[in-house]
Chemist: 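Encoded as structure tokens, here's the structure I'll be asking about.
Lettering of chains follows the sequences in order, A, B, ..., and the numbering in each one begins at 1.
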2 protein chains.
Amino acid sequence: MNTQIYLTENGIKPSVQRIALMDYLLTHKTHPNVDEMYEALHEQIPTISRTTIYNTMKLFVKHGIASLISIEEKNARFDGDVSLHGHFLCQNCNQLYDFHVNEKLLNIEELFSSLDGYNIKDTQIYCKGICKNCK
Amino acid sequence: MNTQIYLTENGIKPSVQRIALMDYLLTHKTHPNVDEMYEALHEQIPTISRTTIYNTMKLFVKHGIASLISIEEKNARFDGDVSLHGHFLCQNCNQLYDFHVNEKLLNIEELFSSLDGYNIKDTQIYCKGICKNCK
DNA sequence: TACAAATTTGTAACCATTGCAAATATATAA
DNA sequence: TTATATATTTGCAATGGTTACAAATTTGTA
């Protein structure tokens with residue numbers, strides 16, 4: 001799917017920087033932080049600034065085409081996959097894994113039965129512990 | 001239940017500051033941040049410092065008797081209720097609500113079926129949106 | 001081409017959190 | 001009790017991720 005069209009369809013005017021950032025998110029499932037995106041895009045867009053990345057991520061999150069992952073204390077991470085899935089942070093190797101959430105539990109109404117009448121815009125499921133490789 | 005015994009049973013040497021902080025967490029379900037705890041305890045313990053609160057919260061979290069809630073970008077919040085439940089942040093009034101998670105879904109194995117072999121120490125479920133009062 | 005609006009950029013500030021060493025409190029041994 | 005070692009607390013300085021802001025650049029439009 002064309003990234004430029006994807007941005008436009010989601011109400012975001014495409015620019016060189018925005019396209020490059022969304023491309024990066026969609027092709028790197030590493031949940032990058034701002035510094036990692038800066039280092040990665042610096043070569044192809046030498047003038048890119050961290051402020052632009054912060055602004056763009058905020059814009060993406062507002063329009064629902066990126067998720068803010070706040071599982072790490074220090075850094076915000078971002079994910080271009082906005083389908084409901086969980087994130088597991090290994091407290092030993094610091095790697096961040098996606099994990100699948102059983103489809104039959106995706107029914108938010110049932111899972112969060114006490115939130116009737118609340119307008120839920122974003123759901124995040126975080127786990128911390130030790131991963132298989134580090135055990 | 002006596003807070004001093006509760007700390008001891010969880011491997012934490014009780015001190016005036018630690019007891020006061022755990023007492024505060026257990027009697028105030030407001031998910032306070034460090035500043036709020038500092039302001040609240042300053043009167044009864046005039047010498048208390050923010051560093052002590054940070055250190056103590058880290059200790060509580062490590063021993064599993066408090067949860068770190070990182071749903072807000074700026075501030076860390078803490079919860080003395082470590083049973084699995086969700087947190088909802090209203091993006092309008094900024095209030096943080098607890099919400100009940102259906103008991104039959106508490107089976108982590110089923111919910112997180114793809115995390116077999118991982119040692120899960122902490123699970124957090126966050127939602128953001130607009131609360132009933134603000135709609 | 002000229003002008004207006006939107007976007008990007010760099011720098012300075014902000015501020016929550018941590019590092020660190022001195023001060024204080026607590027536990028232990030003689 | 002007194003002396004000594006250990007643990008805890010404290011205040012201040014430093015860190016570093018994020019944001020504010022205004023200038024510079026790019027884009028859209030007439």
Side-chain angles (χ1 to χ4, degrees), chain A residues 3-4 7-8 10-24 31-63 65-78 89 91 94 96, chain B residues 3-4 7-8 10-24 31-63 65-78 89 91 94 96:
Chain A
T3 304
Q4 179 165 355
L7 292 179
T8 304
N10 283 280
I12 293 175
K13 275 200 216 168
S15 71
V16 171
Q17 291 85 348
R18 290 171 180 176
I19 292 170
L21 282 164
M22 180 49 72
D23 266 339
Y24 188 82
H31 321 91
N33 61 35
V34 168
D35 255 31
E36 286 161 353
M37 289 187 271
Y38 178 82
E39 291 303 327
L41 296 185
H42 192 60
E43 198 164 349
Q44 64 177 104
I45 308 175
T47 63
I48 201 166
S49 78
R50 277 167 233 268
T51 300
T52 297
I53 302 178
Y54 279 108
N55 290 341
T56 304
M57 289 305 119
K58 189 158 287 185
L59 188 72
F60 286 175
V61 170
K62 195 176 78 177
H63 286 253
I65 59 173
S67 288
L68 166 65
I69 305 173
S70 57
I71 195 172
E72 274 191 342
E73 281 82 56
K74 43 183 191 327
N75 280 337
R77 295 195 184 208
F78 297 90
L89 179 69
Q91 293 168 318
N94 225 45
L96 188 56
Chain B
T3 305
Q4 180 166 354
L7 292 179
T8 305
N10 284 279
I12 293 175
K13 277 201 216 168
S15 70
V16 171
Q17 291 84 349
R18 290 170 179 176
I19 293 169
L21 282 164
M22 181 50 73
D23 267 340
Y24 188 82
H31 321 92
N33 62 33
V34 168
D35 255 31
E36 286 161 354
M37 289 187 271
Y38 179 82
E39 291 303 327
L41 296 184
H42 191 60
E43 196 164 350
Q44 64 177 102
I45 307 175
T47 63
I48 202 166
S49 77
R50 277 168 233 267
T51 301
T52 296
I53 301 178
Y54 279 108
N55 291 340
T56 304
M57 288 305 118
K58 189 158 286 187
L59 189 71
F60 286 175
V61 170
K62 194 175 78 178
H63 286 252
I65 57 173
S67 288
L68 166 64
I69 305 174
S70 57
I71 195 172
E72 273 189 344
E73 282 82 55
K74 43 183 192 323
N75 281 337
R77 295 194 183 209
F78 298 91
L89 179 69
Q91 294 168 318
N94 225 46
L96 187 55

Chemist: Could I get the full list of salt bridge (Lys or Arg N to Asp or Glu O under 4.0 Å) partners for B/R77, not counting sequence neighbours?
Modeler: B/E72
Chemist: Whole angstrom is fine here: how far is it from CD1 in B/I45 over to C1' in C/dT24?
Modeler: 15 Å
Chemist: Tell me the interatomic distance from B/E36, atom CD, to C/dA16, atom P, rounded to whole angstroms.
Modeler: 11 Å
Chemist: Whole angstroms only, please: what is the CE-C1' distance between B/M22 and D/dT8?
Modeler: 17 Å
Chemist: Salt bridge (Lys or Arg N to Asp or Glu O under 4.0 Å) with A/D35: which residues, sequence neighbours excluded?
Modeler: A/R50
Chemist: In whole Å, what is the span from the CD1 atom of B/I48 to the P atom of C/dA25?
Modeler: 14 Å
Chemist: Return a single string for nucleotides 12-30 of chain D, one symbol per nucleotide in 5' to 3' order, where B is base contact, S is sugar-phosphate-only contact and - is none, cutoff 4.0 angstrom on heavy atoms.
Modeler: B----SBBBB---------
Chemist: Taking side-chain hydrogen bond (donor to acceptor under 3.5 Å, both in side chains) as the definition, give me every residue that meets it alongside A/T56, ordered by chain and number, with sequence neighbours left out.
Modeler: none
Chemist: Mind checking side chain to side chain contact (heavy atoms under 4.5 Å, CB included) for B/V61 and listing every partner two or more places apart, or none if nothing turns up?
Modeler: B/A66, B/L68, B/F78
Chemist: At their closest point, which heavy atom of B/I48 faces which heavy atom of B/Y38, and how far apart are they?
Modeler: O-CE1, 3.1 Å
Chemist: At under 4.0 Å, does any side-chain N or O of B/Q17 touch on OP1 or OP2 of D/dT10?
Modeler: yes
Chemist: Just to verify, what does A/N55 make a side chain to side chain contact (heavy atoms under 4.5 Å, CB included) with, not counting sequence neighbours?
Modeler: A/T51
